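Quantities reported herein were computed from a predicted structural model and do not represent experimental measurements.
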Amino acid sequence: MNSLIILSMQCMFSMLIFYLIVKWYVIPEINKETKFEILAFLLLINVFRYLPLSLFMPGQVAEDFPFYLKESIAYGDFLSGFLALIALLLLKSKKKSAVKFTWLFSIVSILDICIVMTLAMIEKVYLLPLGANYFTVSVYVPMLIVIQIVILRILTVKSFQ
């Protein structure tokens with residue numbers, strides 16, 4: 001079967017699983033009193049976006065993996081993870097700037113995901129050996145997409161601001 005079809009099936013299945021987890025266990029818990037705690041938990045998951053820096057380590061991906069794409073993935077995710085950490089710290093400290101900084105994180109995160117996914121498709125990296133990074137593409141990225149949707153939902157509820 002075609003590599004793109006297999007990867008697409010795995011990503012869609014992962015997104016479905018994470019959507020169901022969010023629908024059954026996260027969304028029902030979101031109310032006026034829990035919004036900051038749930039938002040903090042979702043940001044905590046994004047803090048680990050420094051991990052794609054491992055793309056620069058020897059043997060992590062194919063030798064012909066485009067270097068500019070490694071940079072885009074690694075630095076975009078690192079920036080998103082760093083912003084998530086700052087937003088998380090601001091939320092936990094109950095700072096007024098927490099919501100604004102969470103918006104900044106969300107905008108950067110969405111741009112990062114969209115740009116990198118587009119570039120990866122153009123470069124057809126799904127045809128290259130990805131090693132352990134295949135897990136990131138087929139499980140972690142779909143989870144981040146679902147989480148980002150929930151973060152946006154929390155941020156756009158009027159009673160939250």
Within a strict 4.5 Å, meaning less than it, do heavy atoms of the [X] and [Y] side chains meet?
X: I145; Y: F18; value: no
X: N46; Y: L144; value: yes
X: F105; Y: W103; value: no
X: M143; Y: Y140; value: yes

Are [Y] and [X] linked, directly or through intermediate hydrophobic residues, by side-chain heavy-atom contacts shorter than 4.5 Å (ILVMFWY only)?
X: V146; Y: M12; value: no
X: W24; Y: Y19; value: yes
X: I27; Y: L42; value: yes

**Item:** Partner set under side chain to side chain donor-acceptor pair (under 3.5 Å) for E37, not counting sequence neighbours
**Value:** K92
**Item:** Non-neighbouring partners of S72 that pass side chain to side chain donor-acceptor pair (under 3.5 Å), sequence neighbours left out
**Value:** none
Is [X] reaching over with its side chain to a backbone N or O of [Y], donor-acceptor style, under 3.5 angstrom?
X: T34; Y: E29; value: yes
X: N133; Y: T136; value: no
X: S3; Y: L127; value: no
X: T156; Y: R153; value: yes

**Request:** Can you label the angle between the F48 ring and the Y50 ring as parallel, tilted or perpendicular, going by 30° and 60°?
**Result:** tilted
**Fill in**
So CD1 of I151 and CZ of F41: to nearest 0.5 Å the spacing works out to 11.0 Å
**Rounded distance (nearest 0.5 Å) linking atom CD1 of I110 with atom CD of Q148** = 4.5 Å
**Item:** Any residue meeting ring pair (Phe, Tyr, Trp, His ring centres under 6.0 Å) with F67, in chain and number order, not counting sequence neighbours
**Value:** F56
